[in-house]
Amino acid sequence: MQPAVELRGITKRFPGVLANDQTNLVVEKGEVHAVLGENGAGKSTLMHILYGSYQPDEGEIVLDGQQVRFASQREAIGHNIGMIHQDFMLVRPFTVVENVVLGLRDERGGILDLGKAAARIKELSDRHGLTVDPWARVEHLPVGVQQRVEIIKLLYRDARILILDEPTAVLTPQETGKLLATLRALTAEGRSVIIVTHKLHEIIEVADRITIMRDGRTVATLDKKATTEAELARMMVGRDVALKVRRTPLRQGNPILRVSDLYVADDRGASAVNGVDLSVHEGEIVGIAGVDGNGQSQLVEGLMGLRAIRQGSVEMAGVEITDAPLFDRSGKGLVYVPADRRGVGSVATLNIEDNAILGNQRQFSGAGSLLRDRAKSRSHAETLIDRFGVRTPDIRFPAGKLSGGNLQKVILGREIMRDPRVLIVEQPTRGLDVGAIEVIWSELLAAREQGKGILLISAELEEIRNLADRIFVMYGGRFMGELRSEDASDEVIGLMMAGVSAVGAREVGHVEYV
Amino acid sequence: MWNMFERRLAPTESPWAIAAMTFGSVVLAFLIGAVLFLPFVSNPIDAYVSLFEASLGSMRGLGITLNRAAPLIVIALGTCVAWRAGFGYLGFEGCLTIGAAASAWFALLALDGGLAFIPSILFFAVAICISFGAGGAWAGGVGLFRSRFGGNEVLISLMTNYVAAFIVQYLVSGPMRAPGSLPQTPRLPTETWLPGIIPETRAHAGILIALAATGLVWLLMSRMRLGYELIVTGLNPFAARYGGINVGRRYVLAAFLAGGLGALAGLIEVLGTQHRLLDGLSGGIGFIGIVVALLAKLNPLAVVPTAVLYAALSVGADAVQRSTGAPSSIIFILQSLIVLFVMASDFLRYWTIRLPFKSPGSESGKV
């Protein structure tokens with residue numbers, strides 16, 4: 001049987017970057033094929049070449065034994081290839097059916113028959129167990145359902161080859177399980193699924209075969225049954241990584257940050273944080289697990305004074321700071337590494353030196369804090385890139401051109417060098433590769449050993465379980481319960497992330513909770 | 001052939017490439033201008049020579065050019081401050097008008113003898129402060145509106161231009177009108193005129209005010225903490241807020257400074273050139289100044305040569321018409337083409353030329 005897709009010797013150059021270097025990929029009909037690699041390994045470029053977004057400089061694309069060339073995505077779609085991007089390509093104010101027919105041209109006489117389309121969507125969703133109301137507005141649907149809409153969009157176009165870029169990044173473990181089951185069912189119909197990811201354990205669960213990429217090259221294609229997570233990790237980074245970290249025994253000091261009965265609203269005025277109690281002590285890492293969008297961001301913004309607090313109080317070392325502006329909070333030793341590195345944590349077009357003083361610009365000014373003290377900020381930036389191992393030509397390099405890992409080192413380093421008492425870090429390793437994650441984790445643990453209190457908000461269970469001394473799970477703006485890290489199994493946290501209380505989760509997961 | 005061009009992932013920031021593109025745009029505009037001259041002159045180069053001789057080649061011409069450039073410079077500086085802080089202010093016509101009215105009012109006070117005792121240097125210092133303050137308050141109001149209520153400053157500031165124009169119309173036809181038929185104020189006392197700076201020319205001290213303002217704006221934007229905060233606010237208001245910067249206050253400050261600078265253009269026009277307040281005084285300078293700032297890529301130091309060249313083209317336009325019979329509109333077409341090409345050349349930054357003999361793999365990797 002001909003393979004569904006064969007990419008032979010694909011090479012793609014961008015100015016200054018060799019994204020794909022003689023890359024090969026063979027995807028059989030009816031298999032789930034995982035493309036695994038660190039960020040920047042060339043996975044996405046390869047997929048965009050298959051999807052017609054880029055044209056390869058060298059190499060050929062063979063579909064079903066026939067060599068093809070795609071000048072555009074439209075041509076790839078015409079060959080029954082579909083792609084779901086990491087950020088969904090849905091028009092949020094449109095209904096499901098409007099989104100599905102968007103871009104199709106098969107309506108006669110320019111008249112749009114949404115009713116007919118909706119009936120077909122219904123039929124597709126029934127057949128594949130993808131429950132979706134065709135008339136619902138996308139903006140009102142949860143993320144997991146939006147992803148179903150994306151899948152239906154592809155099935156509506158009868159995609160035989162489905163490419164999914166990091167499909168599980170935004171899902172709960174339970175939603176992920178459902179998605180993987182759906183993908184299995186699709187391959188049973190002879191469709192091929194390509195999953196691009198850097199999450200090892202999910203791949204092991206669902207993939208039939210795995211292609212590992214590194215530095216733009218194909219390292220190997222392996223049968224799932226014949227490999228292990230450890231082997232895959234090693235092939236991905238080209239060295240042995242131990243993402244298990246060594247935490248020193250907890251030396252909990254005095255409580256510093258104390259939050260009681262906190263209520264915070266989101267942008268639309270709806271309540272996003274509903275009565276949160278929390279304290280962070282010196283020398284401990286408190287983790288807040290949970291799927292994105294359950295009030296974590298609003299909680300942090302409330303704590304930092306970036307969002308008005310409706311009710312409740314925040315204290316730093318016994319001083320109430322509930323309504324203090326951010327500037328006063330950081331003066332009291334409460335600093336923050338935001339989740340959005342490029343959109344909030346840094347100014348992309350400014351250089352590293354200018355970014356290294358952001359938030360602390362008064363300390364780097366002389367003459368009554370009027371004139372900037374360039375010598376001081378320059379040496380500060382030099383120290384920062386030295387101490388945190390930021391890979392950059394110099395401190396005049398624009399921050400936006402740094403890789404995600406190096407930019408995060410600049411931001412985390414900047415905040416740690418302010419010598420805070422409490423450090424709030426939100427999604428500190430999202431989208432980073434294994435090497436950078438190691439650095440960030442060890443810096444956080446080092447800060448903990450220095451007696452700083454750390455509040456870690458993360459959607460990555462592995463991160464929470466490896467770093468946190470105490471774990472809260474947030475769902476719907478509330479804490480579903482508190483766990484000691486040694487009691488927190490993936491299963492229990494996963495259930496709590498889906499809204500089951502700690503008590504309920506304990507019954508299912510058989511753990512003690514504190 | 002097509003393989004020679006390749007899209008870049010990010011626009012080039014090489015200063016050489018940008019300078020070459022800007023220069024190329026200007027040359028292209030001059031070439032097209034030359035074609036337009038062909039029906040009128042045998043050699044378009046002659047037309048360009050007489051253009052620059054009239055505006056820059058003689059002391060007299062240079063004086064007029066500098067007088068024309070001075071208000072453009074201060075308005076372009078105001079644009080730099082406001083726009084780099086992310087405040088899309090377009091109300092410089094209004095600021096100019098308000099600044100003109102304020103300085104005329106203050107100078108007429110001197111005519112009435114109320115200020116006859118103060119030395120002239122002090123007069124100019126106070127006039128600058130009053131004019132700056134009036135324009136700053138005028139524009140600052142728009143800034144306050146934006147930071148309090150989140151209004152769209154682009155539209156609001158554009159509308160305020162008309163309000164300012166009608167206020168001056170009211171003043172010169174009513175309270176400040178000189179006896180006589182024309183709607184204008186009396187001529188200002190000669191002691192309140194900006195002094196000449198080059199003998200035998202009309203060049204007045206307006207250009208000195210503009211150069212001093214350039215130095216101060218450069219200091220603000222590149223050397224002061226406030227300038228850093230303004231730039232961060234403009235580039236990324238979310239990062240600014242996260243950095244403890246009060247974004248609303250920075251907008252108000254940027255608007256105040258921009259308005260004050262715009263008002264200085266009015267002062268220069270009234271005390272330097274017109275010597276009275278009259279209706280329709282600005283003549284579009286408030287918008288041309290924005291164009292100058294854009295051509296100078298919002299860089300305060302690049303504003304000065306850009307404004308001088310732009311003013312030289314305007315001054316030389318009449319001379320060309322006199323000496324060659326070619327309509328001066330050719331020069332205005334030329335000016336517009338320069339603006340158009342320089343702005344459009346920005347897209348070239350996204351492309352690179354791949355030379356056949358250069359191995360593509362040899363380029364250095366991205367950090």
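Below, chains carry the letters A, B, ... as their sequence lines are ordered, and counting in each starts from 1.
- Using a 4.5 Å cut-off between heavy atoms, A/Ser346 contacts chain B through its backbone alone, with no side-chain atom that close.
- Residue A/Val335: no heavy atom, backbone or side chain, is found under 4.5 Å from chain B.
- No side-chain heavy atom of A/Leu326 sits less than 4.5 Å from a side-chain heavy atom of B/Arg241.
- Chain B forms more heavy-atom pairs under 4.5 Å with one residue of A/Gly366, A/Gly359, A/Ser330 than with any other, namely A/Gly359.
- Only the backbone of A/Arg342 comes within contact range of chain B, with heavy atoms under 4.5 Å apart.
- In this structure, B/Arg148 places its CZ atom where only 12 or fewer heavy-atom neighbours from other residues, nucleotides or ligands lie under 6.0 Å away.
- How far CZ of B/Arg225 is from CG of A/Leu371: 10.5 Å, rounded to the nearest 0.5 Å.
- Most heavy-atom pairs under 4.5 Å with chain A: of the set B/Ser222, B/Gly244, B/Ala239, this distinction falls to B/Ala239.
- Interface residue B/Ile231: only side-chain heavy atoms are found under 4.5 Å from chain A.
- Among all heavy-atom pairs drawn from B/Val232 and A/Leu350, the shortest one is CG2-CD1, 3.8 Å.
- The local environment of CZ in A/Arg217 is sparse, with at most 12 non-hydrogen atoms from other residues, nucleotides or ligands closer than 6.0 Å.
- More than 12 non-hydrogen atoms from other residues, nucleotides or ligands lie less than 6.0 angstrom from CZ of A/Arg418.
- Interface remark: A/Arg329 contributes no atoms to any contact with chain B (heavy atom separation under 4.5 Å).
- Of the inter-residue distances, the one linking A/Gln361 atom CD with B/Met224 atom CE reads 13.5 Å to the nearest 0.5 angstrom.
- Listed by first then second residue, pairs satisfying ring pair (Phe, Tyr, Trp, His ring centres under 6.0 Å) with a partner in residues 213-246 of chain B read A/Tyr336-B/Tyr242, not counting sequence neighbours.
- Residue contact with chain B, scored on non-hydrogen atoms closer than 4.5 Å, is absent for A/Asp328.
- Rounding to the nearest 0.5 Å gives a distance of 6.0 Å between CG of A/Leu358 and CD1 of B/Ile245.
- A/Ser365 touches chain B through its side chain: at least one heavy atom from C-beta onward sits under 4.5 Å away, while N, CA, C and O do not.
- Residue pairs satisfying the ring pair (Phe, Tyr, Trp, His ring centres under 6.0 Å) criterion with at least one member in residues 353-380 of chain A, sequence neighbours excluded, are listed as follows: A/Phe364-A/His380.
- There is no contact between A/Gln55 and chain B, counting heavy-atom distances below 4.5 Å.
- Annotation: ring pair (Phe, Tyr, Trp, His ring centres under 6.0 Å) contacts of B/Phe132 (sequence neighbours excluded): B/Phe256.
- Taken from CD in B/Glu229 to CZ in A/Arg372, the straight-line distance is 10.0 Å, to the nearest 0.5 Å.
- Listed by sequence position, the residues of residues 291-303 of chain B in contact with chain A number zero, using a 4.5 angstrom heavy-atom cutoff.
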